[in-house]
Every structure is written in C-alpha cells, then in structure tokens.
Amino acid sequence: MVLILRALGLGDFLTGVPSYRAVRNAFPGHRIVLAAPPALEPLARLTGSVDEVLASRPLERLAGRIRSPEVAVNLHGKGPQSTRILLELDPDRLVSFANAEVAETAGMPEWRPHEHEVHRWARLLNECSVPCDPTRLELDLSDVPAAPEVEGATVVHPGAAYGARRWPVERWAEVAASEVSQGRRVVVTGGPEERDLAERLAALAGLPSGDVLAGRTDLVSLAAVVARAGRVLCADTGVAHLATATRTPSVVLFGPTSPQRWGPPPDRPWHQALWHGSVGDPLGAEPDRGLLAITVDEVLAALERLPEKQKA
C-alpha cells in the first residue's frame, strides 16, 4: 500500500493531480490511499489514480487508522509536522522534502519557497525517482451530469475562503451584467455559506434567481458546471483550478498571492491571470490592496482576449 498525504482544500488537491498519477504509474500493483478531506473523494476517484480516500483533517494524526505503508508520500508540506505524521506509521520508504528538524529526511530534495505549487510536487517526485509529468492536470467529467442551461454559460464565482481574496461584489455584478448584455447566460456559483453573496450579485446584475447555483452543488456537480461552461470568472480559489482541470477558459484575479505560485499554467492562453504585482496576507479578512487595484475594465479586457472554448 502507498499512502499519500495531502489533507488540504480543493485548490491544493487539484494542483496535486499530476503527482497522484505519477505515484499510480510508479507503483501499479499497489493500493493507493490518499489522506484528504472526505468531500474530495469523488474527485479523487476521477483522477484514475486513487483507490481510497482516508478521511483526514490538516495535520491530523493517522496512527491507529493505518500502519506500515510500503511507501509514504508527503505532498502536504515541508514538515516537520506532516513528515512526522507519516514516520509515525513506520513506512518502508518515505518520500518527502528535507527538513532540518527531521533527521530521517536528510539528503531528500530541498524545499523552494517560491516554486509553483504544481511543479513543486512534481519536482519532489522526479528527484525521488518517481517520474512525474506536471502537465497531467485534467479531469474527465464527461460522464458527470450537469443542468443543460449551464452549457456554454459564463460562471461567476465571487467567493473565496478568505476576505483577502474576495473582489467586491459590486464589481463582479458589473462584469456579469456586461456578459449578459453580450448575449451570454451567467450562472453564479458558491458554497452554501456564499448563497447570500451570490444572491446579492444576481440582484445587482439583474440575473434571474434560478441562475444562482450557490449552495445547490456539491464538489462534483460544481466541477461538472465548470466543465460545461464557456468561461469562468473568479478569484484565486479552488474554482480557478477546476477551470484548469477542465480546460475551460478563465479570468482569475490575484491579489495577496502571485499567479507564479498558484496561477493557471502560463503556456495556456485560454486562462488569463490578472495581478498587480503586490503580495500580502492570503488569510486576511479584508480585500487585499493589490486585488482591489484590479478594475472592472481590466477584467472586461481580459474577457475579450479569451478564446471560445473548444469542443471536446
């Protein structure tokens, strides 16, 4: 059995997809277990590389629930906590970044703080003799049903986990209204806790209430909406990574963090990352000043640059 630790959120999970596939390819006869939040299990199975999801919270101990994996792969962080969680399981082999506080990691690959998240984990595996292609990001959602009305629509996702990454709803409403004026249907997505935000956006933009999908989708059905959409507009959040995973054209707004670390692949022109070059606290409660520097006109101009989505 091979255990992969990545007990993080949606965006983190999706940036790890090439690495899960690399582990599967390197250990074809082994059971691949991913320690991650249980909500991610349906998406994990869509990667074609995970046999089981072990329900886990960030940095939760796994001892007593699983033991002695043949290989333990730390895709969670640089340690020491995450590495010790895996060492506690007594694996035959550990794959991890080196950490001076954990003697067992001596000689392992070096952590690079400004590396893109996808390439970080691909490099870890490659340097540990597990070949990994960082471009293998896509998920196939063709068999996952979605409402017909989302086909070709513009998805506007105004929410984010932290206020620092939330562009003002009034600006999103201006962009949504512009899309409608050009004959595009707009649907507004979000989690149950973002329903009020989505309804406010819809009211400001003059959208029908039926086009507010926030709180009405689980992760897999949200992914199916993104896969069927014509374009996605969002901040630096998990939905941006769903757009990458489904090759749906997108405009992604960055503020406190750089797209060089978390943005869509720069060699894919159907994704536009907007950033004013400043960095701040991505966990802050108030919108980042760099994010606020992005104007409605900039977003509309980025939309003009987007190609139409290619049919699969």
Side-chain angles (χ1 to χ4, degrees), residues 1-79 81-97 102 104-105 108-109 116-144 218-220 223 238 241-242 244-246:
M1 181 264 289
V2 177
L3 176 65
I4 303 170
L5 176 61
R6 194 153 175 82
L8 297 165
L10 174 61
D12 302 272
F13 165 81
L14 291 168
T15 59
V17 167
S19 297
Y20 316 145
R21 288 172 169 157
V23 171
R24 164 63 76 196
N25 290 344
F27 303 99
H30 293 65
R31 182 168 184 80
I32 309 299
V33 178
L34 175 67
L40 295 172
E41 181 170 4
L43 288 179
R45 296 194 179 280
L46 286 174
T47 69
S49 55
V50 174
D51 297 304
E52 178 186 347
V53 170
L54 179 66
S56 307
R57 296 186 299 272
L59 299 179
E60 178 183 21
R61 292 180 63 200
L62 303 176
R65 301 173 59 200
I66 196 167
R67 59 175 298 164
S68 301
E70 292 168 77
V71 184
V73 182
N74 186 358
L75 300 183
H76 189 92
K78 62 181 178 180
Q81 300 99 316
S82 54
T83 307
R84 288 175 177 150
I85 286 170
L86 293 177
L87 286 172
E88 210 176 14
L89 305 177
D90 192 28
D92 294 338
R93 177 187 176 191
L94 174 69
V95 175
S96 179
F97 281 111
V102 184
E104 293 88 342
T105 65
M108 292 186 179
H116 191 283
E117 192 71 3
V118 173
H119 292 276
R120 180 195 310 287
W121 304 110
R123 179 178 62 83
L124 170 67
L125 294 178
N126 281 316
E127 292 186 11
C128 291
S129 302
V130 178
C132 182
D133 177 358
T135 67
R136 297 188 65 201
L137 289 160
E138 283 80 11
L139 298 178
D140 182 4
L141 288 118
S142 56
D143 292 333
V144 180
D218 58 19
L219 279 182
V220 172
H241 298 285
L242 282 176
T244 297
T246 57

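Owing to the predicted nature of the structure, the values given are computational and were not obtained by experimental measurement.
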K.L.:
Quick one: are E127 and F97 in side-chain contact, heavy atoms under 4.5 Å?
P.N.:
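They are not in side-chain contact.
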K.L.:
Tell me if the CZ atom of R57 is crowded by more than 12 foreign heavy atoms within 6.0 Å.
P.N.:
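No, not enclosed.
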K.L.:
Would you please test V102 and R84 for side-chain contact (heavy atoms from CB on, under 4.5 Å) and show each step?
P.N.:
CA-CA 8 Å; V102 184; R84 288 175 177 150; 4.1 Å; yes
K.L.:
Which atom names give the shortest non-hydrogen contact between S49 and Y20, and what distance separates them?
P.N.:
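Minimum heavy-atom separation between S49 and Y20: OG-CB, 3.3 Å.
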K.L.:
Taking all non-hydrogen atoms of both residues into account, name the closest pair between A223 and L43 and its distance.
P.N.:
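Scanning both residues completely, I find the closest heavy atoms to be CB-CD2, 4.1 Å.
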K.L.:
Suppose we screen for salt bridge (Lys or Arg N to Asp or Glu O under 4.0 Å). Which residues come up paired with R45, at least two apart in sequence or across chains?
P.N.:
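With neighbours one apart ignored, the set is E41.
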K.L.:
Going from NE2 on H119 to CG on N126, what distance comes out if it is rounded to the nearest 0.5 angstrom?
P.N.:
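The NE2 atom of H119 sits 11.0 Å away from the CG atom of N126.
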K.L.:
For R65, which residues count as a side-chain contact (heavy atoms from CB on, under 4.5 Å) partner, sequence neighbours excluded?
P.N.:
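side-chain contact (heavy atoms from CB on, under 4.5 Å) list for R65, sorted by chain: L54, A55, S56, E60, L62.
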K.L.:
Counting only pairs under 3.5 Å, give me each side-chain donor-acceptor contact of residues 1-13, with atom names and distances, residues two or more places apart or in other chains.
P.N.:
{"residue": "R6", "atom": "NE", "partner": "D12", "partner atom": "O", "Å": "2.8"}
{"residue": "R6", "atom": "NH1", "partner": "L75", "partner atom": "O", "Å": "2.4"}
{"residue": "R6", "atom": "NH2", "partner": "D12", "partner atom": "O", "Å": "3.0"}
{"residue": "R6", "atom": "NH2", "partner": "T15", "partner atom": "OG1", "Å": "3.1"}
{"residue": "R6", "atom": "NH2", "partner": "E117", "partner atom": "OE2", "Å": "3.1"}

K.L.:
Heavy atoms only: give me the nearest N74-S82 pair and the separation to one decimal.
P.N.:
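Of all heavy-atom pairs spanning N74 and S82, the closest is ND2-OG, 3.0 Å.
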K.L.:
Indicate yes or no: at least one non-hydrogen side-chain atom of L40 is less than 4.5 angstrom from one of V53.
P.N.:
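The answer is no, as the side chains (C-beta and beyond) never meet within the 4.5 Å cut-off.
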K.L.:
Once you round to the nearest 0.5 Å, how far does NZ of K78 lie from OG1 of T83?
P.N.:
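Here the interatomic distance stands at 11.0 Å.
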K.L.:
Working to the nearest 0.5 Å, report the span between SG of C132 and CZ of R21.
P.N.:
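C132 SG to R21 CZ: 10.5 Å, rounded to 0.5 Å.
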K.L.:
Residues in salt bridge (Lys or Arg N to Asp or Glu O under 4.0 Å) with R136, at least two apart?
P.N.:
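If we apply the salt bridge (Lys or Arg N to Asp or Glu O under 4.0 Å) test to R136, skipping adjacent residues, there are no hits.
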K.L.:
Nearest heavy-atom pair of T47 and L139: which atoms, and what distance?
P.N.:
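Taking every non-hydrogen atom into account, CG2-CD2, 3.8 Å.
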K.L.:
So, for G48 and R24, which heavy atoms are closest and what is the spacing to 0.1 Å?
P.N.:
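That closest heavy-atom pairing would be O-NE, 4.1 Å.
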K.L.:
Counting heavy atoms not belonging to D143, are there more than 12 under 6.0 Å from its CG?
P.N.:
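Open: at most 12 neighbouring heavy atoms sit under 6.0 Å from CG of D143.
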K.L.:
I need the minimum non-hydrogen distance between S19 and W121, along with the two atoms involved.
P.N.:
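Scanning both residues completely, I find the closest heavy atoms to be OG-CB, 3.4 Å.
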K.L.:
Indicate yes or no: at least one non-hydrogen side-chain atom of P69 is less than 4.5 angstrom from one of L89.
P.N.:
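Yes. Closest side-chain heavy atoms under 4.5 Å.
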K.L.:
Tell me, do L14 and L137 make a side-chain contact under 4.5 Å, heavy atoms counted?
P.N.:
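The answer is no; the side chains never approach within 4.5 Å.
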K.L.:
Does R67 CZ have over 12 foreign heavy atoms under 6.0 Å away?
P.N.:
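No, because the 6.0 Å sphere around CZ of R67 holds 12 heavy atoms or fewer from other groups.
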K.L.:
So which pairs with a foot in residues 29-48 pass ring-ring contact (aromatic ring centres under 6.0 Å, His included), sequence neighbours left out?
P.N.:
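Checked against ring-ring contact (aromatic ring centres under 6.0 Å, His included) - neighbours excluded - the pairs reaching residues 29-48 are F27-H30.
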K.L.:
Can you measure from CG (L59) to CD (Q81) and round to the nearest 0.5 angstrom?
P.N.:
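These two atoms lie 5.5 Å from each other.
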K.L.:
R61: what forms a salt bridge (Lys or Arg N to Asp or Glu O under 4.0 Å) with it, not counting sequence neighbours?
P.N.:
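In terms of salt bridge (Lys or Arg N to Asp or Glu O under 4.0 Å), with neighbours along the sequence ignored, R61 is linked to E88.
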K.L.:
Counting only N and O atoms by type, is there a donor-acceptor contact under 3.5 Å from the side chain of D51 to the main-chain atoms of V33?
P.N.:
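Checking the backbone N and O of V33 against the side chain of D51, no donor-acceptor pair under 3.5 Å is found.
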K.L.:
Hey, mind stepping through L46 and L141 against side-chain contact (heavy atoms from CB on, under 4.5 Å) and telling me if it holds?
P.N.:
CA-CA 8 Å; L46 286 174; L141 288 118; 3.9 Å; yes
